[in-house]
Visitor: 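Below is the structure I would like to discuss, written out as structure tokens.
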Amino acid sequence: MKLATWNVNSLKVRLPQVTDWLVSNEPDVLCLQETKLQDLNFPINEISAVGYQSVYVGQKAYNGVALLSKQTGEMVTTAIPGFKDDQKRIIAATYNDVRVICIYVPNGENIESDKYQYKLAWLFALNRWVREELIKYPKLVLLGDFNIAPEDPDVHNPEIWEGKVLCSQAEREAYFALLNLGLVDSFRLFDQPEKSYTWWDYRMMAFRRNQGMRIDHILLSNELVSICEACMIDKSTRKLEQPSDHVPVMVELSEL
DNA sequence: ATGGTAGAGGATCTA
């Protein structure tokens, strides 16, 4: 079973890249963030044409998440239960007894912003919900755009970014609180290239200089860690015309 | 201190 996540920064613009990527990589499930589409505009036919079903929840202009899958997902959820939120940032479904939770964590803007407080509150609500989901679904994958670089090796210039949004102590504590529920960062299960990142600012030639951050993650519950065979970042999509500022991350699980 | 780019939507807001 192959599971992937990709913040596409507008599915309308990135649709040809997404369908090409599905054909080339054949994931069982691809999780998308920042689709930036209202539900009535979701391109179900174009995605169906390459053999994938879609479930999605979106809104005008911002946010929006989706699950593209070969098989039909069950128990689809499109909000964190008990957390009032106008922003469409989560979608979850179950495939082969594997609970797949796709998240688009708020960016936070900067640590003085109201958006930062919203981010921390959102992460707290996520934690409470994932704790409950792990009881129901021992095979669980939490993946998406976390907007958190967990440790200094995940940041191109940790001295400059120290304490700033995406790297602040409170955000990192919220990330490790998720791991403490019984989740593992699949990327660090394996040897990886130095300076591996998943996002580079569009500005200042950040990608060419590899001035990025690793903020997109695939976390696995303990039951899935033992059957995880690989986790890789696909930088190739950042070299295409009109790229997203994020690139896909994918895991391979055996025996599923 | 500011700007640099991209996307949505039609002026700014978000990232």
Visitor: Looking at Glu171(A) and Lys119(A), is there a salt bridge between them, counting it only when a charged N and a carboxylate O are closer than 4.0 Å?
Guide: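 Between Glu171(A) and Lys119(A) there is a salt bridge, with a charged N closer than 4.0 Å to a carboxylate O.
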Visitor: Suppose you measure atom P in dA1(B) against the same atom in dT12(B); what distance do you get, rounded to whole Å?
Guide: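 Their P atoms lie roughly 24 Å apart.
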Visitor: So, using side chain to side chain donor-acceptor pair (under 3.5 Å) as the criterion, who are the partners of Tyr175(A) when residues are at least two apart?
Guide: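 Tyr175(A): no side chain to side chain donor-acceptor pair (under 3.5 Å) contacts found.
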Visitor: Please report, rounded to the nearest Å, how far the C1' atom of dG4(B) is from the CZ atom of Phe207(A).
Guide: 18 Å
Visitor: Checking Ser69(A) now: which residues fulfil side chain to side chain donor-acceptor pair (under 3.5 Å) with it, not counting sequence neighbours?
Guide: none
Visitor: Any chance you could list the contact pattern along nucleotides 8-15 of chain B? Use B for base contacts, S for sugar-phosphate-only contacts and - for none, protein heavy atoms under 4.0 Å, 5' to 3'.
Guide: SS---BSS
Visitor: Can you list every side-chain hydrogen bond (donor to acceptor under 3.5 Å, both in side chains) pair that touches residues 195-209 of chain A, not counting sequence neighbours?
Guide: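 Every side-chain hydrogen bond (donor to acceptor under 3.5 Å, both in side chains) pair that includes a residue of residues 195-209 of chain A, provided the two are not neighbours, is Asn9(A)-Tyr202(A), Thr198(A)-Asp216(A), Trp199(A)-Asp245(A), Trp200(A)-Asn210(A), Asp201(A)-Arg203(A).
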Visitor: Between dT2(B) and dA6(B), how far apart are the P atoms? Round to whole Å, please.
Guide: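 Taking atom P in both dA6(B) and dT2(B), they lie 23 Å apart.
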Visitor: Do any side-chain atoms of residues 151-158 of chain A form donor-acceptor pairs under 3.5 angstrom with protein atoms, and if so which ones, sequence neighbours left out?
Guide:
unit_1    : atom_1 : unit_2    : atom_2 : d
Asp152(A) : OD1    : Arg172(A) : NH1    : 3.2
Asp152(A) : OD1    : Arg172(A) : NH2    : 3.3
Asp154(A) : OD1    : Arg188(A) : NH2    : 2.6
Asp154(A) : OD1    : Arg214(A) : NE     : 2.8
Asp154(A) : OD1    : Arg214(A) : NH2    : 3.3
Asp154(A) : OD2    : Glu151(A) : N      : 3.0
His156(A) : ND1    : Gly212(A) : O      : 3.2
Asn157(A) : OD1    : Ile160(A) : N      : 3.4

Visitor: With rounding to whole Å, what would you report as the distance between dA15(B) and dG9(B) at their P atoms?
Guide: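 Pairwise P distance, dA15(B) against dG9(B), rounds to 15 Å.
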Visitor: Just jot down the side chain to side chain donor-acceptor pair (under 3.5 Å) partners of Asp97(A), sequence neighbours excluded, or say none.
Guide: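 Checked Asp97(A) against side chain to side chain donor-acceptor pair (under 3.5 Å); zero matches.
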Visitor: Is there a side-chain polar atom (N or O) of Arg14(A) under 4.0 Å from OP1 or OP2 of dG7(B)?
Guide: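 Affirmative; the distance criterion is met.
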Visitor: With P as the reference atom in both, quote the distance from dG10(B) to dT5(B) in angstrom, rounded to an integer.
Guide: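 Nearest-Å result for dG10(B) against dT5(B) at atom P: 24 Å.
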